[in-house]
Amino acid sequence: MNQWFTDHLYITYIIIFLFMTYVYNKVFRVKKLPLLKALIVYVLMGIGAFMLLIFQVDAKLPIVLCLSVAIFLMLLVRIRYFVEGRQKKQAVNKTQNHS
């Protein structure tokens, strides 16, 4: 798998950048930034994605795999919150129906 990422640098860079922006938007972005500040943040993330691409290709570190695991864990947390919310709603509905 690492060889494929090495052979397809542009695709690997895009994957790393997209994964980084997803993690940023779901975890670190508290409020919407003004346009210029948002542009600066994304340019810096693009530079960071290039650095991570170098780590992926030259140092043979599993950057894409690590970002994939992080996104998978974030999705698990979102699913858990969704299920807990439904259970709380059902519990509230049951107590209202019995009253």
Side-chain angles (χ1 to χ4, degrees):
M1 186 78 167
N2 226 3
Q3 185 62 39
W4 188 89
F5 289 129
T6 304
D7 293 341
H8 301 88
L9 292 178
Y10 292 115
I11 296 172
T12 305
Y13 176 79
I14 291 170
I15 291 171
I16 291 172
F17 182 76
L18 289 176
F19 284 179
M20 283 177 60
T21 56
Y22 181 80
V23 171
Y24 165 74
N25 285 322
K26 295 298 179 190
V27 177
F28 297 107
R29 192 175 82 176
V30 178
K31 62 179 183 173
K32 191 169 177 129
L33 294 173
L35 185 61
L36 184 61
K37 289 182 181 180
L39 182 66
I40 292 170
V41 167
Y42 285 107
V43 167
L44 290 175
M45 279 197 301
I47 294 168
F50 180 73
M51 292 171 55
L52 290 177
L53 176 69
I54 292 171
F55 292 151
Q56 173 80 36
V57 173
D58 288 342
K60 306 285 190 249
L61 296 174
I63 301 298
V64 175
L65 180 64
C66 292
L67 287 170
S68 302
V69 169
I71 290 173
F72 176 73
L73 292 175
M74 290 168 55
L75 291 173
L76 280 179
V77 169
R78 293 190 109 197
I79 291 170
R80 179 179 172 204
Y81 285 155
F82 176 75
V83 170
E84 284 180 357
R86 284 185 59 195
Q87 288 175 347
K88 286 180 184 178
K89 230 185 243 184
Q90 288 175 353
V92 167
N93 287 340
K94 283 183 183 179
T95 57
Q96 288 177 352
N97 290 337
H98 290 298
S99 297

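Applying the salt bridge (charged side-chain N to carboxylate O under 4.0 Å, His left out) test to Arg86 and every residue at least two apart in sequence or in another chain returns nothing.
Under a cut-off of 6.0 angstrom, the local environment of OH in Tyr24 is crowded, with over 12 non-hydrogen atoms contributed by other residues, nucleotides or ligands. In the displayed structure, Leu76 atom CG is contacted under 6.0 Å by more than 12 heavy atoms of other residues, nucleotides or ligands. At most 12 heavy atoms of other shown residues, nucleotides or ligands fall within 6.0 angstrom of atom CZ in Arg78. In the displayed structure, Met51 atom CE is contacted under 6.0 Å by at most 12 heavy atoms of other residues, nucleotides or ligands.
Contact between Gly46 and Tyr13 at its shortest, heavy atoms only, is O-OH, 3.0 Å.
Side chain of Tyr22 to backbone of Phe17: no donor-acceptor contact under 3.5 angstrom is found. Under the 3.5 Å distance criterion, the side-chain polar atoms of Gln56 are left unmatched by any main-chain donor or acceptor of Thr12.
In this structure, the side chains of Met20 and Leu52 come closer than 4.5 Å at one or more pairs of heavy atoms.
Counting side-chain heavy-atom gaps under 4.5 Å among Ile, Leu, Val, Met, Phe, Trp and Tyr, Val92 is found in no cluster with other residues.
The CD1 atom of Ile54 sits 12.0 Å away from the CG atom of Leu61 when rounded to the nearest 0.5 Å. Between the CD1 atom of Ile16 and the OG1 atom of Thr21 there is a distance of 12.0 Å, given to the nearest 0.5 Å. Note that the CD1 atom of Ile14 and the CG atom of Leu9 stand 11.0 Å from one another [nearest 0.5 Å]. The CD1 atom of Ile40 lies 4.5 Å from the CG atom of Leu36; values are rounded to the nearest 0.5 Å. The line from CG of Leu33 to OH of Tyr42 is 8.5 Å long, rounded to the nearest 0.5 Å. Taken from CG in Leu73 to OG in Ser68, the straight-line distance is 11.0 Å, to the nearest 0.5 Å.
Ile63 and Phe72 are not part of a single hydrophobic cluster, where members link through side-chain heavy atoms under 4.5 Å apart. There is no path of hydrophobic side-chain contacts, each under 4.5 Å, that joins Leu75 to Tyr81. Transitive grouping of hydrophobic side chains (ILVMFWY, heavy atoms separated by less than 4.5 Å) keeps Val23 and Leu44 in distinct clusters. Two different hydrophobic clusters hold Val69 and Met74 under the rule that ILVMFWY side chains link at heavy-atom gaps under 4.5 Å. Taken together through direct or relayed side-chain contacts under 4.5 Å among Ile, Leu, Val, Met, Phe, Trp and Tyr, Val57 and Phe55 form part of one hydrophobic cluster.
Between Arg80 and Glu84 a salt bridge is recorded (basic side-chain N to carboxylate O distance below 4.0 Å).
Applying ring-ring contact (aromatic ring centres under 6.0 Å, His included) to His8 and the options Phe5, Trp4, Tyr10 leaves one that passes, Trp4.
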